Amino acid sequence: MDLPPDVHLKDLCLDGRLNEALVEMAVLGSKVRFRGYDALVTECVRRKAHRVGQLVHAHMLKTRYRPSVYLDTRLLIMYDECGLLDDARELFDGMPQRNVVSWTAMISAYSQRGCQIETMVLFRLMLQTGLFPNEFTLATVLASCVNAHGIVHGRQVHSVAIKNNYESHVYVGSSLLNMYAKGSEIHDARIVFEMLPERDVVSCTSIISGYAQLGLDEEALHIFQKLFKQGMECNYVTFASLLTALAGIAALDYGKQVHALVIRRQLPFYVVLQNTLIYMYAKCGNLLYSRRVFDNMPEKTVTSWNAMLVGYGDHGLGREVLCLFNSMKDVKPDSVTYTAVLSGCSHGGLAEEGLEIFDKMVNDKELQPKMGHYACIVDLLGRVGKIEKALEFIKNMPVEPTIAMWGSLLGACRVHGNFSVGEYIAQELLHVEPKNAGNYVILSNIFADAGKWEDVIRVRDMMKGRTILKEPGRSWINLNKTVHTFHSSDRSHPQKDKVHAKVRELYEKIKEIGYVPNLSCVLYDVDDEQKERMLLGHSEKLAIAFGLMYSYEVGILRITKNLRICVDCHNFAKFVSKMSGRELSVRDCKRFHFIANGTCSCGDFW
DNA sequence: ATAGGGTTAG
């Protein structure tokens with residue numbers, strides 16, 4: 001019985017002897033058939049051997065071998081996996097026939113490289129040829145619709161999925177819900193999730209991380225708890241997403257429980273989880289644990305260093321940031337590292353050091369400074385009162401200043417009492433974003449501090465008739481594994497009367513030792529008595545009062561706030577710490593404030 | 001042969 005001539009070639013490939021197989025191919029010439037080529041291409045994909053892959057392809061052309069759709073597609077995949085997108089496309093364009101797999105492979109090549117437009121263009125072309133997409137195609141296309149713009153296309157792909165009866169497929173479903181979550185349509189994401197007939201780790205993780213990435217941390221925790229009780233499978237991605245959410249709500253006790261779970265299960269990619277743990281402990285105010293996790297890591301990635309640097313920076317520990325940064329060995333700082341270090345210097349009041357590092361970064365030319373880095377420098381100069389210099393820096397930047405940058409400089413003007421520049425910036429800002437209440441508040445504070453009361457009234461008048469958008473203030477405190485959340489002038493908390501009475505009591509007591517309410521923090525057109533009442537309703541005051549009422553241990557009182565703490569609440573907290581002898585930690589959206597004995601670690605700059 | 005979720009910053 002005659003054996004096909006390329007059987008040996010196939011065996012060599014299966015044995016991983018690619019060089020010998022290559023020789024065999026050359027020797028066989030036009031006697032190489034499908035099985036030989038298929039084996040060669042498979043081995044090239046496995047080894048990512050693009051050079052040999054190109055030789056195999058060239059050999060087919062030279063010997064006038066006509067590859068089947070299958071083999072052409074395998075070649076296409078080979079080129080894609082070896083990183084040769086252009087070769088893949090050229091082959092695709094020249095294919096005499098294409099099937100769903102060919103199209104999907106080509107689309108996937110673009111999708112995985114983040115080429116959204118080309119992905120959609122090809123998908124449309126595919127539909128125009130009359131071919132029906134399968135579950136692979138749909139999952140691939142949807143995976144590239146993962147931003148605010150993509151959701152427009154994503155919705156259309158969704159309807160294609162419904163028409164072809166793939167909506168409930170696990171892979172398509174998780175792509176779909178992820179697409180909606182990334183497009184900030186978490187409600188639609190939830191509907192897709194709830195309608196899935198079967199769920200797996202990925203779809204469950206997708207919905208959890210969907211909530212977490214939108215900052216809906218409590219919702220992320222709730223759905224995790226529910227799914228966990230139902231016995232969902234968890235892997236390192238699940239726990240990483242969950243820990244991010246727990247960091248957001250500063251839920252230290254839950255964080256430790258997850259840490260324990262992660263240790264018990266001995267999950268793979270523990271490095272990633274440790275990075276997230278460093279971050280979580282820091283955001284929960286437990287820097288000691290962050291550092292212990294960091295120190296115990298047998299291997300660190302740049303993300304580990306970044307997370308630790310961010311932790312120190314959030315706590316205003318500039319010296320520790322610098323010390324850690326200078327001890328970075330075997331790891332190259334990346335763009336995030338510099339953001340963390342510069343922002344750490346800023347929060348720690350180390351302007352000179354920060355500027356030096358920025359110069360070093362510019363001179364090294366390895367990393368191009370980005371908007372975030374420039375913003376840190378503006379913040380840094382503003383902090384030490386070099387307002388004019390910051391203005392000059394902004395004018396000389398190679399990038400357009402952002403609203404946030406002006407906002408930070410405006411804050412600096414308030415602290416340093418520079419109301420001429422402050423007013424100039426505020427006017428600009430009120431023009432660009434007339435609906436942001438924060439700008440009015442700071443401007444009003446600046447005028448109030450300068451005693452220019454007629455200007456305070458003017459600011460208030462400017463707000464009249466404009467719709468002022470302000471994210472509602474929200475503060476919370478974790479006691480006994482429960483998150484107690486308070487909104488401004490909260491009327492919903494079950495203990496509301498007691499809490500309000502407690503705030504009032506604290507208020508009377510600290511007035512005796514010098515606290516004066518800062519009425520310019522209220523921008524509503526009401527009389528002073530009403531303003532005072534509104535000030536006392538601020539969510540962080542409610543959380544502080546609640547904490548004093550229900551935490552019996554003498555330890556530090558940890559409050560978290562979604563916005564920046566206001567001047568009056570900051571002052572209130574300082575006086576409460578002085579009067580009660582308790583230490584307070586207030587984490588606002590910018591940093592930690594450690595308040596003890598009437599002073600704050602932020603040095604009244606934030 | 002082709003497919004889905006993820007860590008640090010802002």
Side-chain angles (χ1 to χ4, degrees), chain A residues 38 41-42 45 68-78 80-81 98-109 111-112 133-144 146 166 169-179 181-182 189 196 199-210 212-213 234-244 247 269-280 282-283 290 300-311 313-314 334-344 370-376 379 402 404-405 408 589-590:
Chain A
D38 187 37
V41 175
T42 304
V45 170
S68 57
V69 191
Y70 174 89
L71 202 51
D72 264 341
T73 308
R74 296 296 320 265
L75 280 167
L76 192 164
I77 293 162
M78 183 273 295
D80 172 31
E81 301 237 325
R98 305 179 192 106
N99 61 19
V100 203
V101 182
S102 333
W103 279 98
T104 306
M106 195 64 242
I107 292 172
S108 165
S111 162
Q112 289 187 346
N134 64 15
E135 65 272 38
F136 291 80
T137 324
L138 292 166
T140 307
V141 173
L142 285 166
S144 82
V146 283
Y166 286 118
H169 185 274
V170 222
Y171 279 55
V172 177
S174 53
S175 295
L176 263 175
L177 75 91
N178 188 46
M179 181 271 291
K182 291 271 162 56
L196 282 178
R199 299 163 176 171
D200 64 0
V201 219
V202 179
S203 48
C204 289
T205 304
S206 285
I207 193 71
I208 294 167
S209 81
Q213 281 169 7
C234 298
N235 60 21
Y236 83 102
V237 183
T238 322
F239 287 120
S241 304
L242 179 62
L243 282 167
T244 307
F269 303 103
Y270 191 41
V271 190
V272 173
L273 286 167
Q274 283 172 313
N275 295 342
T276 319
L277 284 165
I278 294 170
Y279 175 73
M280 182 276 294
K283 287 283 178 196
S290 293
K300 298 178 178 73
T301 62
V302 70
T303 307
S304 325
W305 292 86
N306 293 347
M308 198 64 237
L309 288 166
V310 169
D314 279 352
D334 65 4
S335 164
V336 178
T337 315
Y338 279 102
T339 312
V341 173
L342 294 176
S343 125
K370 287 194 250 177
M371 184 53 74
H373 304 113
Y374 290 112
C376 285
D379 212 62
T402 60
M405 235 179 231
S408 112
C589 68
K590 199 87 179 167

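In this text, all values refer to a predicted model and were calculated from it rather than measured experimentally. Chain A is the first sequence line, chain B the second, and so forth, proteins listed ahead of strands; every chain is numbered from 1.
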If you check the [X] side chain, which of [options] turns out closest?
X: A:Val237; options: B:dG5, B:dT7, B:dT2; result: B:dG5
X: A:Val202; options: B:dT2, B:dG5, B:dA3; result: B:dG5
X: A:Asn178; options: B:dA3, B:dG5, B:dG4; result: B:dG5

Counting any heavy atom closer than 4.0 Å, what does [X] reach on the DNA or RNA strands: base, sugar-phosphate only, or nothing?
X: A:Thr73; answer: base
X: A:Asn99; answer: base
X: A:Lys182; answer: sugar-phosphate
X: A:Val201; answer: base

With a cut-off of less than 4.0 Å, is there a side-chain N or O of A:Gln213 near OP1 or OP2 of B:dG6?
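Yes, A:Gln213 has a side-chain N/O under 4.0 Å of OP1/OP2 on B:dG6.
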task: Compare side-chain N and O positions of A:Gln112 against OP1 and OP2 of B:dT2 and report whether any pair is under 4.0 Å apart.
output: no
Please report, rounded to the nearest Å, how far the [atom2] atom of [N] is from the [atom1] atom of [X].
X: A:Met179; N: B:dA3; atom1: CE; atom2: C1'; result: 15 Å
X: A:Phe239; N: B:dG5; atom1: CZ; atom2: C1'; result: 14 Å
X: A:Leu176; N: B:dA3; atom1: CG; atom2: C1'; result: 13 Å
X: A:Asp80; N: B:dA3; atom1: CG; atom2: P; result: 8 Å
X: A:Tyr270; N: B:dT7; atom1: OH; atom2: P; result: 18 Å
X: A:Met78; N: B:dA1; atom1: CE; atom2: P; result: 16 Å
X: A:Arg199; N: B:dG5; atom1: CZ; atom2: P; result: 18 Å
X: A:Leu196; N: B:dA3; atom1: CG; atom2: P; result: 20 Å

Sequence neighbours excluded, the answer for ring pair (Phe, Tyr, Trp, His ring centres under 6.0 Å) partners of A:Tyr338 is A:Phe325
Residues passing the ring pair (Phe, Tyr, Trp, His ring centres under 6.0 Å) test with A:Tyr166, sequence neighbours excluded, are none
Who are the side chain to side chain contact (heavy atoms under 4.5 Å, CB included) partners of [X], not counting sequence neighbours?
X: A:Ser343; value: A:His347, A:Cys376
X: A:Phe136; value: A:Thr104, A:Asn134
X: A:Ala189; value: A:Leu177, A:Tyr180, A:Ala181, A:Ile186, A:Ile207

Do [X] and [N] share a donor-acceptor pair, side chain to base, under 3.5 Å?
X: A:Ser175; N: B:dG4; value: no
X: A:Thr205; N: B:dG5; value: yes
X: A:Asp72; N: B:dA1; value: no
X: A:Asn235; N: B:dG6; value: no

Legend entry - Short side-chain to backbone donor-acceptor contact, A:Ser108 and A:Thr140, under 3.5 Å: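 No.
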- Message: I'd like to know if the side chain of A:Asn275 reaches the main chain of A:Ile278, judged simply by a donor and an acceptor atom lying under 3.5 Å from each other, with no hydrogens or angles considered.
- Response: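 Not a single qualifying donor-acceptor pair exists.
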Q | Non-hydrogen side-chain atoms of A:Leu138 and A:Glu135 separated by less than 4.5 Å | A | no
Using the 3.5 Å cut-off, write out each protein N or O paired with an N or O of nucleotides 8-10 of chain B and the distance between them.
{"from": "B:dT8", "atom 1": "O2", "to": "A:Asn306", "atom 2": "ND2", "distance (Å)": "2.7"}

